[in-house]
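Below you'll find the structure, written out as structure tokens, and then a few comments.
The analysis underlying the following values was restricted to heavy atoms, covering all of them including side chains, and did not include hydrogens, waters or symmetry mates.
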Amino acid sequence: MSNIPDIAEADVSYEEKGTWAYVVAGVAVFGGYVAWLLGAADGGPLVEVSYQRPLVTAIVVSVVATVVGRVLIEVVRPSESTRPDVRDKEVSRFGDYVGGTVLSILGAGVLALAIADADTFWIAQALYAAYVASMVASSVTKIVAYRRGL
């Protein structure tokens with residue numbers, strides 16, 4: 001038997017719901033972007049794909065999907081309050097710390113690509129992937145903290 005309560009039965013805070021919307025939208029859009037990128041290459045070199053507009057579009061879609069997801073979650077399962085409490089602030093701080101650490105470490109890799117004079121395609125992809133990895137690390141940390149405690 002698991003110690004993690006069923007999300008449908010638990011009292012899920014407004015902040016936790018937002019974290020779920022953020023991670024699901026971010027991962028889904030990143031996956032869609034990678035699928036598009038591979039399809040656009042059509043077996044050819046990835047660096048020849050015109051990625052700039054789709055990359056910016058993916059980032060914008062991710063933000064919009066997060067907001068829409070959060071609103072839909074609140075419509076289906078309204079929260080008692082939208083004000084963060086002390087626990088929400090501690091969980092957020094801890095998750096942001098983990099995400100920031102991941103981004104710092106992976107950012108060093110992006111910097112290494114720039115120093116090595118890598119193609120801007122690879123620098124842009126690495127930066128986006130580092131951001132997504134950071135977001136996932138931060139969000140998973142927050143969700144685990146909400147479910148199991150700090």
Give me the atom names and distance for the closest heavy-atom approach of [X] to [Y].
| X | Y | result |
| --- | --- | --- |
| Phe121 | Leu46 | CE1-O, 3.4 Å |
| Pro54 | Trp36 | CG-CH2, 3.3 Å |
| Ala21 | Ile73 | CB-CD1, 4.0 Å |
| Gly99 | Ser138 | CA-CB, 3.8 Å |
| Tyr22 | Ser139 | CD2-OG, 3.5 Å |
| Arg147 | Val12 | NH2-CG2, 3.8 Å |

Is [Y] reachable from [X] through a run of hydrophobic residues whose side-chain heavy atoms are each under 4.5 Å from the next?
| X | Y | answer |
| --- | --- | --- |
| Val24 | Tyr131 | yes |
| Val23 | Val61 | yes |
| Met135 | Ile105 | no |
| Val27 | Leu103 | no |
| Phe30 | Val63 | no |

(request) For side-chain contact (heavy atoms from CB on, under 4.5 Å), just list the numbers for Glu80 and Tyr14, CA-CA rounded to whole Å, side-chain angles, deciding distance to a tenth of an Å, and then say yes or no. (result) CA-CA 8 Å; Glu80 291 181 21; Tyr14 178 76; over 6 Å; no
Under a 3.5 Å distance rule, please check whether [X] uses its side chain to pair with a backbone N or O of [Y] as donor and acceptor.
| X | Y | value |
| --- | --- | --- |
| Ser79 | Thr82 | no |
| Thr19 | Ile143 | no |
| Ser62 | Ala58 | no |
| Ser134 | Val102 | no |

Give, for atom [atom1] of [X] and atom [atom2] of [Y], the distance between the pair rounded to the nearest 0.5 Å.
| X | Y | atom1 | atom2 | result |
| --- | --- | --- | --- | --- |
| Lys17 | Leu72 | NZ | CG | 12.5 Å |
| Gln125 | Asp119 | CD | CG | 10.0 Å |
| Ser104 | Leu111 | OG | CG | 12.0 Å |

(message) Can you list, by chain and residue number, the hydrophobic cluster partners of Leu127 when the side-chain cut-off is 4.5 Å?
(response) Val110, Leu113, Ile123
(message) Quick check: do Trp20 and Thr66 have side-chain heavy atoms less than 4.5 Å from each other?
(response) no
(request) Examine Tyr128 together with Tyr33 and report whether their ring centres are nearer than 6.0 Å. (result)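 Here the rings of Tyr33 and Tyr128 have centres that are less than 6.0 Å from each other.
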(request) Check whether the side chains of Ser92 and Glu15 place a donor and an acceptor atom closer than 3.5 Å, and report yes or no. (result)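 No.
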(request) With sequence neighbours excluded, give me every salt bridge (Lys or Arg N to Asp or Glu O under 4.0 Å) pair touching residues 81-102. (result)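 Counting only pairs at least two positions apart or across chains, the salt bridge (Lys or Arg N to Asp or Glu O under 4.0 Å) contacts touching residues 81-102 are Asp96-Lys142.
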